[in-house]
Amino acid sequence: MPEPLRVLMVEDQQDLRELIGQALQDFGIEIHTADDGPTAVQLLREPGGFDVVFSDISMPNGMSGVELSAHVAEALPQARMILASGYARSQLPPLPPHVEFLPKPYRLRQLVALLQAPAPAL
């Protein structure tokens with residue numbers, strides 16, 4: 001049996017973090033959560049790593065999802081980075097080339113399909 005997909009989800013809203021986290025577990029995804037960028041960076045340093053880091057672009061406590069993506073690229077270069085936002089992509093700062101974008105609102109199946117998809121060629 002293949003190893004489950006290991007995902008780090010960074011979401012500052014606790015109810016949303018718990019709801020989406022539980023739903024992803026129901027799809028067989030191993031989910032780890034953080035409530036902000038600095039906490040996510042700490043988790044990136046732990047053994048085991050992640051296949052995908054999924055984060056909001058707008059985050060509290062001084063680190064945006066874009067800034068977090070630089071830490072992910074350094075700590076886990078093989079991991080995919082997916083950023084979500086309710087803003088149109090044209091309203092956002094330019095995203096690094098290795099970052100995938102998911103517009104909000106999204107459906108759970110849309111998120112699962114993106115998480116389980118192979119990494120896009122750069």
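All values below come from the heavy atoms of this structure, side chains included, with hydrogens, waters and symmetry mates left out.
In this model, no donor atom of one side chain and acceptor atom of the other lie less than 3.5 Å apart for Gln22 and Glu18.
Closest heavy-atom contact between Leu68 and Gly37: CD1-O, 4.1 Å. Of all heavy-atom pairs spanning Pro4 and Asp51, the tightest one is O-OD2, 4.0 Å. Among all heavy-atom pairs drawn from Ile31 and Gly21, the shortest one is CG2-O, 3.5 Å. The two residues Met9 and Arg17 make their nearest non-hydrogen contact at CE-O, 3.1 Å.
Partner of Met81 under the side-chain contact (heavy atoms from CB on, under 4.5 Å) criterion, chosen from Leu8, Val66, Val99: Val99.
Atoms OG1 and CD, on Thr33 and Gln14 in that order, are 9.0 Å from each other to the nearest 0.5 Å.
Hydrophobic cluster membership for Leu19: none, as no Ile, Leu, Val, Met, Phe, Trp or Tyr side chain comes under 4.5 Å of it.
Using a distance-only test at 3.5 Å, with no hydrogens or angles considered, no donor-acceptor pair links the side chain of Asp12 to the main chain of Asp36. For the pair Glu11 (side chain) and Gln13 (backbone), a donor-acceptor distance under 3.5 Å is present.
Listed by first and then second residue, the side chain to side chain donor-acceptor pair (under 3.5 Å) pairs involving residues 63-81 are Ser64-Glu67, Arg80-Glu100 (not counting sequence neighbours).
Within the 4.5 Å cutoff, side-chain heavy atoms of Ile57 are placed close to those of Leu95. For the pair Leu111 and Phe54, the minimum side-chain heavy-atom distance is below 4.5 Å.
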Exercise answer: donor-acceptor pairs, residues 101-110 side-chain atoms, under 3.5 Å, sequence neighbours excluded:
residue, atom, partner, partner atom, Å
Lys104, NZ, Asp56, OD1, 2.9
Lys104, NZ, Asp56, OD2, 2.9
Gln110, OE1, Arg107, N, 3.0

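Two different hydrophobic clusters hold Leu76 and Leu5 under the rule that ILVMFWY side chains link at heavy-atom gaps under 4.5 Å.
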